[in-house]
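Beneath this line is the structure, given in structure tokens, with notes to follow.
Whatever order the structure lists them in is the order used to number ligands and atoms, beginning at 1. Both backbone and side-chain heavy atoms feed into the values below; hydrogens, waters and symmetry mates do not. Computed from a prediction, not measured in an experiment: that's the story for all the values here.
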Amino acid sequence: MIQHLLTTRGLPSHTLTTLIERATAFKNQNTHYPSFSKHRAASLFYEPSTRTFMSFTLAASHLSLPLIPLNMQYSSEKKGEAFIDTLQNLSAMGIELCVVRHPDSHIFNHLSSNLPAHLHLINAGDGQHEHPSQALLDLMTIQEAKSHLTDLRIAIVGNLKHSRVTHSFQHLCATVGIKHLTLIAPPIWQPAQLHHGQTTDSLAEGLKDADVVMVLRIQQERLSANERFSIEAYQTHYQLNAKTLKYAKPDAIVLHPGPINRNIEITNEVTDGPQSYILKQVQNGVFMRMAILEEILK
Ligand code: NCD
């Protein structure tokens with residue numbers, strides 16, 4: 001059992017194994033769906049989301065868990081209420097779990113002393129910090145496609161500096177002991193901090209013999225004004241297309257956390273091609289989020 005899911009850093013490996021096993025069992029209908037109908041949860045999304053929001057909502061619905069969305073446009077935080085007060089008020093009403101997406105990378109820091117004891121938090125993406133449930137569903141998808149996780153060559157290409165998905169994924173790779181994780185980005189997007197693996201600015205080098213290629217979205221909204229960036233140059237050197245995918249193994253699988261900028265960081269032929277596991281990730285997201293909700297509430 002875990003109290004919160006705010007980070008994948010230090011997630012015990014037995015918890016990781018349980019989450020993947022339970023998510024897989026839910027997917028393969030090898031287990032009944034438990035009912036959490038006596039519990040109450042809320043979702044607080046301060047940033048846009050399609051996959052994460054809908055899959056948490058569907059996951060809760062499969063578990064008979066009322067997950068009530070707070071419409072952030074009309075929340076009292078618009079009147080200046082502090083995030084911690086919102087959480088305390090929801091808890092006072094009987095909400096036991098909040099799924100939170102927030103643009104602030106530090107939103108969950110310093111909460112612990114004021115956080116109601118019985119309130120569970122799930123980080124559904126906090127700024128440029130972490131996105132634990134995405135990394136977990138990515139690992140589940142990789143495990144489903146490939147058997148020996150530790151020996152795999154995994155490559156991630158894109159905006160490593162701003163990617164919360166990559167931070168959470170690196171921590172999981174450290175726990176699993178993935179030997180070959182290569183992070184590929186142009187010099188301006190090299191990560192400030194490396195948690196696991198190695199970096200390169202060469203797509204050819206980074207993709208060489210990869211079993212798994214994860215492409216990240218060009219996050220236009222996170223490009224600060226002083227970051228000189230040319231989409232054309234990025235496409236020339238870092239786009240995943242039929243030609244550059246050939247650097248990887250012929251049976252490599254392609255992942256992307258979404259949303260995709262079609263024909264920008266990845267071409268349509270790859271997005272929609274036979275090696276793409278992108279919609280499998282989306283499908284697995286529902287089952288992984290069921291496993292996460294169960295692990296916290298059980
Ligand atoms: C990611 C996110 O919002 O962190 N998407 C997602 O949750 N599936 C990645 C992104 O926005 O680029």
With rounding to the nearest 0.5 angstrom, report the CD to CZ distance, E294 to R22.
4.0 Å

Classify the angle between the aromatic ring planes of H62 and Y33 as parallel (below 30°), tilted (30 to 60°) or perpendicular (above 60°).
tilted

Would you mind writing out the side-chain donor-acceptor pairs for residues 172-180 within the sub-3.5 Å range, not counting sequence neighbours?
residue: T175; atom: OG1; partner: H171; partner atom: O; Å: 3.2
residue: K179; atom: NZ; partner: D151; partner atom: OD1; Å: 2.5

Quick check for students: name every N or O atom pair between ligand 1 and the protein closer than 3.5 Å, with distances.
residue: ligand 1; atom: 3 (O); partner: R101; partner atom: NH1; Å: 3.3
residue: ligand 1; atom: 3 (O); partner: R101; partner atom: NH2; Å: 3.4
residue: ligand 1; atom: 3 (O); partner: R164; partner atom: NH2; Å: 2.9
residue: ligand 1; atom: 4 (O); partner: R164; partner atom: NE; Å: 2.6
residue: ligand 1; atom: 4 (O); partner: R164; partner atom: NH2; Å: 3.2
residue: ligand 1; atom: 5 (N); partner: G258; partner atom: O; Å: 2.8
residue: ligand 1; atom: 7 (O); partner: T52; partner atom: OG1; Å: 3.1
residue: ligand 1; atom: 7 (O); partner: R101; partner atom: NH2; Å: 3.0
residue: ligand 1; atom: 7 (O); partner: H131; partner atom: NE2; Å: 2.7
residue: ligand 1; atom: 8 (N); partner: Q134; partner atom: OE1; Å: 3.2
residue: ligand 1; atom: 8 (N); partner: P257; partner atom: O; Å: 2.8
residue: ligand 1; atom: 11 (O); partner: R217; partner atom: NE; Å: 3.3
residue: ligand 1; atom: 11 (O); partner: R217; partner atom: NH2; Å: 2.9
residue: ligand 1; atom: 12 (O); partner: R217; partner atom: NE; Å: 2.7
residue: ligand 1; atom: 12 (O); partner: R217; partner atom: NH2; Å: 3.3
residue: ligand 1; atom: 12 (O); partner: Q219; partner atom: NE2; Å: 3.1

Report whether F108 and L11 are members of the same hydrophobic cluster (ILVMFWY, side-chain heavy atoms less than 4.5 Å apart, transitive linking).
no

Joint hydrophobic cluster, M54 plus V99, side-chain heavy atoms closer than 4.5 Å
yes

Between H129 and H106 (judged by ring centroids, cut-off 6.0 Å), do the two rings come close enough to count as a pair?
no

